[in-house]
**Student:** 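Pasting a structure here, questions to come.
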Amino acid sequence: MPYNVGYVTARSDITSTSEINSFFLWSSDNADTVLKQLAAGRIDHIAYKTTDMALDALPFYTVQWTFGYIASVGALLAVIAAASLLLAVGARRKQTALSGALATRMGLRPATLVVSHLLEFGAVAGSVLLAGVTVGLVVSAFSVPRLDPAPWLRPVSALPNSVMFVLIAVVIGLVVVAAAGWIAVRGVRTARVGELIRG
């Protein structure tokens with residue numbers, strides 16, 4: 001226990017609980033099961049605390065709220081970045097349609113047109129995604145130990161497994177790139193070159 005001198009001993013080493021002035025029992029079972037076993041063994045207990053009760057404190061909620069706020073800001077920035085890419089594609093639709101239509105008239109294959117758009121948008125989205133995920137993970141790794149409300153307890157706070165977060169971000173990025181590529185290719189296929197040149 002923090003700031004207290006004590007011993008950690010196995011349950012099999014305890015021959016008589018009456019010889020112990022005070023002790024702390026840690027168990028992975030639920031509270032009802034442990035309390036029934038203590039009562040059956042005629043072991044008095046003063047108080048107990050479950051994991052939920054221990055975490056139900058303002059310092060832990062403060063950390064949870066802080067990371068929740070950071071996550072919401074990150075999600076908002078991701079939505080803004082995705083919307084900006086789609087709006088940029090829409091704003092350049094006429095120019096993209098004209099250049100793509102002329103390129104297809106000159107012999108550019110449709111598959112090559114699709115791949116070129118996907119590579120262009122993928123490079124932009126990939127760089128933004130890489131920068132955002134890297135900054136988020138690095139900042140979180142530095143912030144988690146500093147925001148730990150009980151740093152003297154083990155195990156210490158550590159960055160959770162972020163594989164699922166990265167996979168979700170990559171999937172969303174691929175969806176945005178596919179949508180932007182579909183908008184650009186559709187504009188090329190439906191373009192009327194004569195009207196675009198006159199406009």
Side-chain angles (χ1 to χ4, degrees), residues 1-83 85 122 125-179:
M1 301 301 294
Y3 310 117
N4 287 298
V5 177
Y7 299 93
V8 177
T9 181
R11 181 171 52 185
S12 58
D13 295 336
I14 301 175
T15 57
S16 177
T17 56
S18 61
E19 298 177 0
I20 303 175
N21 184 23
S22 63
F23 63 92
F24 298 90
L25 175 64
W26 299 75
S27 176
S28 58
D29 295 331
N30 59 64
D32 294 335
T33 302
V34 175
L35 293 178
K36 288 180 181 178
Q37 292 177 354
L38 290 176
R42 296 181 180 181
I43 301 175
D44 297 329
H45 61 278
I46 298 176
Y48 72 93
K49 182 171 286 190
T50 63
T51 304
D52 294 334
M53 294 169 61
L55 296 178
D56 189 14
L58 182 59
F60 291 101
Y61 280 126
T62 302
V63 175
Q64 181 180 353
W65 295 334
T66 301
F67 278 98
Y69 173 75
I70 295 173
S72 63
V73 171
L76 177 61
L77 292 177
V79 171
I80 293 174
L85 178 61
S127 59
V128 172
L129 182 64
L130 179 62
V133 170
T134 302
V135 170
L137 293 179
V138 171
V139 171
S140 298
F142 280 102
S143 301
V144 166
R146 296 180 181 274
L147 292 175
D148 186 3
W152 58 84
L153 295 179
R154 297 295 183 268
V156 296
S157 298
L159 189 67
N161 191 356
S162 303
V163 174
M164 187 58 63
F165 164 73
V166 174
L167 289 178
I168 292 175
V170 170
V171 169
I172 294 175
L174 292 176
V175 171
V176 173
V177 169

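Values reported hereafter were calculated over all heavy atoms of this structure, with side chains retained and with hydrogens, waters and symmetry mates removed.
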**Student:** T50: what forms a side chain to side chain contact (heavy atoms under 4.5 Å, CB included) with it, not counting sequence neighbours?
**Tutor:**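 Testing T50 for side chain to side chain contact (heavy atoms under 4.5 Å, CB included), a comparison that skips the adjacent residues, returns A31, Y48, D52, M53.
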
**Student:** Return a table of donor-acceptor pairs under 3.5 angstrom between the side chains of residues 169-177 and protein atoms on other chains or two or more places apart.
**Tutor:**
none

**Student:** Can you name the side chain to side chain donor-acceptor pair (under 3.5 Å) partners of N30, sequence neighbours left out?
**Tutor:**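 T33.
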
**Student:** Under the 3.5 angstrom rule, does the side chain of T134 hit a backbone N or O of A131 as a donor-acceptor pair?
**Tutor:**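 Not a single qualifying donor-acceptor pair exists.
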
